[in-house]
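Computation of the quantities below employed the complete heavy-atom set of this structure, encompassing side-chain atoms and omitting hydrogens, waters and symmetry-equivalent molecules. A note on names: the letters A, B, ... follow the listed sequences, proteins ahead of strands, and every chain is numbered from 1.
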Protein chains: 2
Amino acid sequence: MMTIGKLSDTAGVKVPTIRYYEEIGLMPEPERTEGNQRRYVRAHLDRLNFIRHARDLGFSVEAIRDLLSLQATPDAPCHDADRIAADNLADVRAKIARLKKLEAELEHIVSECAGGRAGECNVLATLADHALCVTNHGHAHNPLDNVSN
Amino acid sequence: MMTIGKLSDTAGVKVPTIRYYEEIGLMPEPERTEGNQRRYVRAHLDRLNFIRHARDLGFSVEAIRDLLSLQATPDAPCHDADRIAADNLADVRAKIARLKKLEAELEHIVSECAGGRAGECNVLATLADHALCVTNHGHAHNPLDNVSN
DNA sequence: TCCTGAACCTCTAGTCCTTGGAGATTTAGG
DNA sequence: CCTAAATCTCCAAGGACTAGAGGTTCAGGA
Ligand SMILES: [Zn+2]
Ligand SMILES: [Zn+2]
Ligand SMILES: [Zn+2]
Ligand SMILES: [Zn+2]
């Protein structure tokens, strides 16, 4: 029998977060003492470790919800779990791709500036005008510039 | 003179977002018509483009706030702008590093599973036990496991 | 000049995933 | 039995938007 504090320390998940997981249904409602305090057993710890590990690996709460229900039916085929993981991998790769573009662009921006007056700063100049960018990072957009005044 | 809708289309920033930027002080309060509608001029568009471009490049709103005030004083030295950009670059690199670890780990997890029953799924098994991981991705944590029951 | 429908206004609340605090109660140890 | 630590519930914030409800204003055409 564990208090929420012990569970928190053991799993490395903050106490309010555990209560939050219970609220959104990721963690089951545990037994309570007569004084209404939560008491956890080993199975709760395992589940919480699973959740935290999956979160650390970038899975969304919704994905984890699905993974947990798959875990609960060991005889079902695991295609779904594999697909969820593959989707997450694809997400991670997409994020890396985007961040690499940013990295390249920021390297360029930073290296271009010799460090003079703000009025001639290439950092500021490039931020003011995407045309000075060397890559098509992020959500590009071409306005038609029919703007007077 | 532009309406907020025209500004929105031209800059590629949603109307509520423009109002939000005004609320948090990133965009100045524009002139209003007699009927209380916002009317923007060219300077507003330039500023909004700057903001959106910086956001696309990963700068935080706070960083942009600083960059904008630097832009307003062209005679000041630009060290601060350069440092803000360098910090952002460091942030982006840190994110990439973390995501690459996740990518490696997810590749491993996904490749390990032959696709059988959920009870033997390596995706689920690895999520349940970080010891099966090949890298030290994310926020590792070693519990002392003095847990009974 | 009037009408209409699109665009605008303010205000509130929701998103996602936690995290922190206030004030009241329970627990465990001495 | 007393006290200090931990727990309880409820509410709010964080970052950066986004979406609606309900009401008003604008611009183009008949
Ligand atoms: Zn500079
Ligand atoms: Zn750019
Ligand atoms: Zn599998
Ligand atoms: Zn792991």
Taken to the nearest whole Å, OH/A:Tyr40 to P/D:dC8 is 7 Å
A:Glu62 CD to C:dC16 C1', in whole Å, measures 11 Å
Side-chain atoms of A:Val61 come closest, of C:dC17, C:dT27, D:dC8, to C:dC17
Q.
Is the phosphate of D:dG15 approached by B:Ser60 (side-chain N or O, under 4.0 Å from OP1 or OP2)?
A. no
message: Students often mix this up, so state it plainly: with edges at 30° and 60°, are the rings of B:His130 and A:His53 parallel, tilted or perpendicular?
response: perpendicular
Is it true that A:Arg117 and A:Glu120 have a side-chain N and a carboxylate O under 4.0 angstrom from each other?
-> yes
Which of C:dC8, C:dT10, C:dT18 is nearest the side chain of B:Arg32? It is C:dT10
Looking at A:Tyr20, does any N or O in its side chain come under 4.0 Å of the phosphate oxygens OP1/OP2 on C:dC16? no
message: Mind checking if B:Arg19 touches a base, just sugar-phosphate, or nothing, with heavy atoms under 4.0 Å?
response: base
Rounded to whole Å, CD1 of B:Ile18 lies from C1' of D:dC17 at a distance of 13 Å
| task | Could you give me the CA-CA distance, side-chain angles and deciding distance for B:Leu45 and B:Leu7, then say whether side-chain contact (heavy atoms from CB on, under 4.5 Å) is met? | result | CA-CA 7 Å; B:Leu45 174 59; B:Leu7 180 66; 3.9 Å; yes
Per nearest nucleotide of DNA chain C, the residue lying toward the 5' end, A:Gly35 or A:Thr17, is A:Thr17
To the nearest angstrom, the CG-P distance between B:Asn36 and C:dC11 comes to 10 Å
Exercise for the section: Would you classify A:Ile24 as touching base, sugar-phosphate or nothing, given that sugar-phosphate means primed atoms plus P, OP1 and OP2, and contacts are heavy atoms under 4.0 Å? Expected result: nothing
Picking from C:dT27, D:dT18, C:dC8, the nucleotide nearest the side-chain atoms of A:Arg39 would be C:dT27
### Query
Salt bridge between B:Lys95 and A:Glu103, side-chain N to carboxylate O under 4.0 Å?
no
Give a yes/no answer on whether the side chain of A:Arg55 brings an N or O atom under 4.0 Å of OP1 or OP2 in C:dT18.
-> yes
Between CG of B:Leu26 and C1' of D:dC17 the distance, given in whole Å, is 12 Å
Rounded to whole Å, CD1 of B:Ile4 lies from P of D:dT24 at a distance of 19 Å
A:Lys14 atom NZ is separated from D:dT7 atom P, nearest whole Å, by 15 Å
Report yes or no: does A:Glu112 contribute a side-chain atom to a donor-acceptor pair with the main-chain N or O of A:Val123 at less than 3.5 Å?
no
Rounded to whole Å, NZ of A:Lys6 lies from C1' of D:dA5 at a distance of 16 Å
The answer to which of A:Pro16 and A:Gln37 contacts DNA chain C further toward the 5' end, by nearest nucleotide, is A:Pro16
Tell me whether the side-chain N/O atoms of B:Arg38 come closer than 4.0 Å to OP1 or OP2 in C:dT10.
yes
